[in-house]
Amino acid sequence: MTIQEPIVVVRIDVSLPNARQVVDEVVYYRADLKMSLALRWNWYFEYLAALVKVKHPKRKVNLIIIRKPDELKLGDEYIAEKTKTLLKAKRGQINRLTKDSTTDLFGFADSDRQEKIGKIQSEIDALERGEFPYYYPVERKNIIKKWI
């Protein structure tokens, strides 16, 4: 039996001193680090946080090293999961629009409904081709030079 080393996320964020749980900007972010590597370089992360604190004494600077949650997906895993949920949602929209066609007695809204269905179908085609504009969560972010 082998023991797997936990994967951690390192984050340095900056916020206003009286803002509770509101982060102005994440200045350093690393995901998918092994715990031993994060512990070995802990002094460096603390040093970076201290540099930001010295430069901006009225700001609240947090250094967070946490275990990566299992549900946190990054990169290709995130895209695959998001594609699956978006396809399901878009197909549900088309089903709802086609069911609404039975409630329209005289067919006045039929052209508008067909236009909406065509637009949603084009988004589904783009999703299946992999050309849909996604939001990509960052795996690495390093804008700390702006803050020191």
Answer yes or no: is there a side-chain heavy-atom contact under 4.5 Å between L97 and I120? yes
List in chain and number order the residues that pass side chain to side chain donor-acceptor pair (under 3.5 Å) with E5, two or more places apart in sequence or in another chain; answer none if no residue qualifies. S36
K34: salt bridge (charged side-chain N to carboxylate O under 4.0 Å, His left out) partners, not counting sequence neighbours: none
Assess whether salt bridge (charged side-chain N to carboxylate O under 4.0 Å, His left out) is satisfied between E128 and K84, documenting all intermediate values. CA-CA 10 Å; E128 290 173 344; K84 187 169 53 173; over 6 Å; no
So, taking the atom named OG1 in T98 and the one named CD in Q93, what distance separates them when rounded to the nearest 0.5 Å? 11.5 Å
About how many Å separate OH of Y47 and CZ of F45, when rounded to the nearest 0.5 Å? 14.5 Å
Side chains of V8 and I66, heavy atoms from C-beta outward: is any pair under 4.5 Å? no
Does anything in residues 8-17 form a salt bridge (Lys or Arg N to Asp or Glu O under 4.0 Å)? List the pairs, not counting sequence neighbours. R11-D13
Less than 4.5 Å apart, side chain to side chain, heavy atoms only: is that true for V10 and L33? yes
Who are the salt bridge (charged side-chain N to carboxylate O under 4.0 Å, His left out) partners of R40, not counting sequence neighbours? none
Can you tell which of L51, V26, V61 makes a side chain to side chain contact (heavy atoms under 4.5 Å, CB included) with I12? V61
Do you reckon L48 sits in the same ILVMFWY cluster as W43, going by side-chain contacts under 4.5 Å, direct or chained? yes
Can you name the side chain to side chain donor-acceptor pair (under 3.5 Å) partners of Q121, sequence neighbours left out? D125
Test side chain to side chain contact (heavy atoms under 4.5 Å, CB included) on V27 and K146; report intermediate values, then the result. CA-CA 8 Å; V27 296; K146 242 174 53 175; over 6 Å; no
For the CD1 atom of I65 and the CG atom of L39, what is their distance to the nearest 0.5 Å? 7.5 Å
By salt bridge (charged side-chain N to carboxylate O under 4.0 Å, His left out), E123 pairs with (sequence neighbours left out) K90
Could you list all the salt bridge (Lys or Arg N to Asp or Glu O under 4.0 Å) pairs where at least one residue sits in residues 53-65, not counting sequence neighbours? D24-R59
Pairwise side-chain contact, V14 with H56, heavy-atom cut-off 4.5 Å (strictly under): no
Does the side chain to side chain contact (heavy atoms under 4.5 Å, CB included) test come out yes or no for D32 and V9, once each step is laid out? CA-CA 6 Å; D32 292 335; V9 173; over 6 Å; no
So, using salt bridge (charged side-chain N to carboxylate O under 4.0 Å, His left out) as the criterion, who are the partners of K119 when residues are at least two apart? none
Applying a strict under-4.5 Å side-chain criterion to I, L, V, M, F, W and Y, I'd like to know whether Y28 and I7 cluster together. no
Kindly assign one of parallel, tilted or perpendicular to the pair Y44 and W41, based on the angle between their ring planes and the thresholds 30° and 60°. perpendicular
Out of curiosity, L87 CG to L127 CG, how far, rounded to the nearest 0.5 Å? 5.0 Å
